Amino acid sequence: MLHINEEAARCLLCHDAPCGAKVARAIRAARFDNLWTAAKLFNAMSDEELAHAEASCIHYDKPIRIAELANAVSCQPSEFSHQPSELPSLKLNFCDMICENPFFLASSAICTNYDMVARALEAGWAGVFYKTITKADIREVSPRFDAVRKEGTPFVGFRNMEQLSENPYTEDFDILRRLKQNYPAKRIIASIMGQTEEEWIELAKMAEEAGCDAVELNFSCPQMRLTGLGSDIGQNPELILFYTSYVRDAVKIPVIPKMTPNVMSMTSPALACFYAGASGISAINTIKSITMSHDAEVSEKKTVSGYSGKAVKPIALRMIHEMTGNPILQKAGIEKHMDISGIGGIETWRDALEFIQLGCRNVQVCTAVMQYGYRIIDDLTLGLQHYMASRGITELKKLVGEELPNIVLPSDLDRETMVYPMVNRKQCIGCGRCYVSCMDGGHQAISFDADRQPRILGSKCVGCHLCRLVCPTGAIGLAKRIKKTR
């Protein structure tokens, strides 16, 4: 049985792919979990087209099994299939800005000049948090990136030593002015970082004069070479309060502090933003980290820098919940006065949905664009629209925060019932991975006999589901939840 995600992930996502634009688009849709679009495209192709595409596939191991992939995608349940005319709008109000969709470029290397941002906006991104503008002298290192990989997968974690915009700050504001003039329906947000109260105010006013829709205050960059900048501010609620207040009083456009995850709790920083009158919060920036690759050394030296990518998403979600689901912040009325822009490991529409369901009204993407390009916006928007249509939801705002009631304290979880794992014999290939993991990392609750078939030992199984997570074929699923007998 061919696994759609696994086979699609083998695709190199080539530029100007020899397999043909339609086939390449269908595979990319499958890769980013937009199976409805993939099925529609594949269903319109002949066997000859698929065979030709497979023969043309650029590969380093073996070609993508395009015909088998097309068949597997087409056999998926069709309840999510909707014509474009039936798909709901993704418009959402964020900090009193009506955005055509919730997807923005995050302030980073993916938005450092006019041409880059223009291409992204034309591709369908709703807006940009432009790379942080500063008056400080920015001198970057080489190399500045590194990645954490696992078992041949595309990198799951990304280490970034890049700082702020290297352009003269006047040039950056001219770029933002031209972007807003040429793309008036898009949301252009300036990210800034000052070294003094006067600089914060000066840069914010320049952003407003350039026609920017909002200004983001970078309190969170983890790799500034000078003290008192970036995450040095974000770790100090008093400084957050002061600098946010200074800027808030100086401009009329929305003010959005960008928060660091390098704190014990997001409660105090969020309260500081709230009491300073911020319109919203961007969270999270990258996590302080060290990688040890010799290839990523700078003149044989290493340093602490930022970590991002898919691996940080659960941490980002936890910190989003610390703001949107925090009783202290809710009592203060934070959800009525500040909107949250979620950042951290967003690669597919499902990732974005999780942030929205925890209360975000906007999401920012960086590392996924660095890996796959601006083109992923198609699958982010279409995937989310098809999901909404499948649930009969016509407005994106109805998804905002819908999962918050389901996030509870550990003490409030049900500890009186359990769910046994259940093996699908047709899908099981007899590899024994579940047996090894259960024997050495679980409760010795799986037997593995001469016929290479795992069997769950109900008397020992505690329902931890380690076996389900390590199964390479998805052959282990869930039984019904039952009351514990012991």
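Keep in mind it's a predicted model, so treat the numbers as computed, not measured.
Open room surrounds NE2 on H52; 12 or fewer heavy atoms of other groups in view lie less than 6.0 Å from it. When the shell of 6.0 Å around CD of E166 is examined, it contains more than 12 heavy atoms from other residues, nucleotides or ligands.
With rounding to the nearest 0.5 angstrom, the OG1 atom of T381 is 9.5 Å from the CH2 atom of W125. Considering CG of L13 and CZ of R28, their distance stands at 7.5 Å, rounded to 0.5 Å. Considering CG of L399 and CZ of R361, their distance stands at 11.0 Å, rounded to 0.5 Å. Here the CG atom belonging to L90 is positioned 12.0 Å from the CD atom belonging to E395, to the nearest 0.5 angstrom. Once rounded to the nearest 0.5 Å, the distance linking CZ of R433 with CG of L469 reads 11.0 Å. In this structure, CZ in R65 is found 9.0 Å from CD in E54, a value given to the nearest 0.5 Å.
For the pair F448 and C431, the tightest heavy-atom approach, listed with the atom from each and the gap, is CZ-C, 4.3 Å. A pairwise comparison of heavy atoms in I4 and A30 identifies CG2-CB, 4.2 Å as the closest pair. Nearest heavy atoms, E208 versus I253: OE2-N, 3.4 Å. The two residues A204 and I192 make their nearest non-hydrogen contact at N-CD1, 3.7 Å. For C467 against I476, the heavy-atom pair with the smallest separation is O-CD1, 3.6 Å. For the residue pair G474 and H3, the shortest heavy atom distance occurs at N-CE1, 4.1 Å.
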Residue pair F155, V148: steps toward the side-chain contact (heavy atoms from CB on, under 4.5 Å) verdict: CA-CA 6 Å; F155 59 75; V148 176; 6.0 Å; no
Working for side-chain contact (heavy atoms from CB on, under 4.5 Å), residues L179 and K186: CA-CA 9 Å; L179 285 168; K186 303 290 186 176; over 6 Å; no
Verdict with reasoning, V400 to L396, per side-chain contact (heavy atoms from CB on, under 4.5 Å): CA-CA 7 Å; V400 176; L396 187 55; 5.5 Å; no
Working for salt bridge (Lys or Arg N to Asp or Glu O under 4.0 Å), residues R177 and E209: CA-CA 8 Å; R177 181 179 293 105; E209 290 165 3; 5.9 Å; no
Chi angles and distances behind the side-chain hydrogen bond (donor to acceptor under 3.5 Å, both in side chains) call for T367, S308: CA-CA 7 Å; T367 304; S308 64; 2.8 Å; yes
Derivation and outcome, salt bridge (Lys or Arg N to Asp or Glu O under 4.0 Å), residues D213 and K180: CA-CA 9 Å; D213 294 290; K180 190 59 188 176; 2.8 Å; yes
D172 and S165: CA distance, side-chain angles, deciding distance, side-chain hydrogen bond (donor to acceptor under 3.5 Å, both in side chains) verdict: CA-CA 8 Å; D172 278 329; S165 175; 2.6 Å; yes
Intermediate values then yes/no, side-chain contact (heavy atoms from CB on, under 4.5 Å), I66 and V23: CA-CA 8 Å; I66 296 175; V23 173; 3.9 Å; yes
Stepwise side-chain hydrogen bond (donor to acceptor under 3.5 Å, both in side chains) test for Q364 and S341: CA-CA 7 Å; Q364 300 179 42; S341 179; 2.9 Å; yes
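Judged by distance alone, with hydrogens and angles left aside, the side-chain atoms of T324 form a donor-acceptor pair with the main-chain N or O of L358 at under 3.5 Å. No side-chain donor-acceptor contact under 3.5 Å links D339 to the backbone of G280. Put simply, the side chain of N167 never gets that close to the backbone of Y169: no donor and acceptor are under 3.5 Å apart. No donor-acceptor distance shorter than 3.5 angstrom exists from the side chain of D440 to the backbone of Y435, with no hydrogens or angles considered. Panel note: side chain E162, backbone S108; no donor-acceptor pair is recorded below 3.5 Å. The closest donor-acceptor contact from the side chain of R187 to the backbone of G127 lies at 3.5 Å or more, if one exists at all. In this structure, Q357 contributes its side chain and G401 its backbone to no donor-acceptor pair below 3.5 Å.
Contact check for V128 versus I188: side-chain heavy atoms found under the 4.5 Å cut-off. In this structure the side chain of F219 never reaches within 4.5 angstrom of the side chain of M193, judged on heavy atoms. In this structure, F94 and C99 have side chains that are in contact, with non-hydrogen atoms separated by less than 4.5 Å. Annotation: side chain of C366 is in contact with side chain of M370 (closest heavy-atom distance under 4.5 Å). Residues L380 and V363 are not in side-chain contact: their nearest non-hydrogen atoms beyond the backbone lie 4.5 Å or more apart. Between L353 and L384, the closest side-chain pair of non-hydrogen atoms falls below 4.5 Å. Annotation: side chain of M116 is not in contact with side chain of C111 (no heavy-atom distance under 4.5 Å). Looking at heavy atoms from C-beta onward, V369 lies in side-chain contact with I376 at the 4.5 angstrom threshold.
Ring planes of Y372 and F32: perpendicular class, angle over 60° (limits at 30 and 60°). In this structure, W349 and W36 have tilted ring planes: the angle between them lies in the 30° to 60° band.
For D174 and R178, the salt-bridge test passes: some basic side-chain N is under 4.0 Å from an acidic carboxylate O. A salt bridge links D351 to K310: one of the charged nitrogens lies within less than 4.0 Å of a carboxylate oxygen. Comment: E49 engages K22 in a salt bridge, judged by a side-chain N to carboxylate O separation of less than 4.0 angstrom. Salt bridge E7/R10: present, at least one basic N to carboxylate O contact under 4.0 Å. The pair K313-E354 counts as a salt bridge, with a side-chain nitrogen and a carboxylate oxygen less than 4.0 angstrom apart. Using a 4.0 Å cut-off between charged nitrogen and carboxylate oxygen, R391 and E402 count as a salt-bridge pair.
Checking R25, R31, R350 one by one against D379, the salt bridge (Lys or Arg N to Asp or Glu O under 4.0 Å) holds for a single residue, R25.
Under the 3.5 Å distance criterion, with hydrogens and angles disregarded, a donor-acceptor pair is assigned to the side chains of S107 and T132. Checked by atom type, the side-chain pair N218/S191 shows no donor-acceptor distance below 3.5 Å. With 3.5 Å as the limit, one finds a donor-acceptor pair spanning the side chains of S282 and E216. Counting only N and O atoms by type, the side chains of N71 and E68 include no donor and acceptor under 3.5 Å apart. Side-chain polar atoms of N262 and T260 form a donor-acceptor pair below 3.5 angstrom. A side-chain donor-acceptor contact under 3.5 Å links S74 and N43. Side chains of T291 and R159: a donor on one and an acceptor on the other come within 3.5 Å.
Among residue pairs with one or both ends in residues 90-99, none qualify as side-chain hydrogen bond (donor to acceptor under 3.5 Å, both in side chains); sequence neighbours excluded.
In this structure, the ring of Y307 has its center no less than 6.0 angstrom from the ring center of F158.
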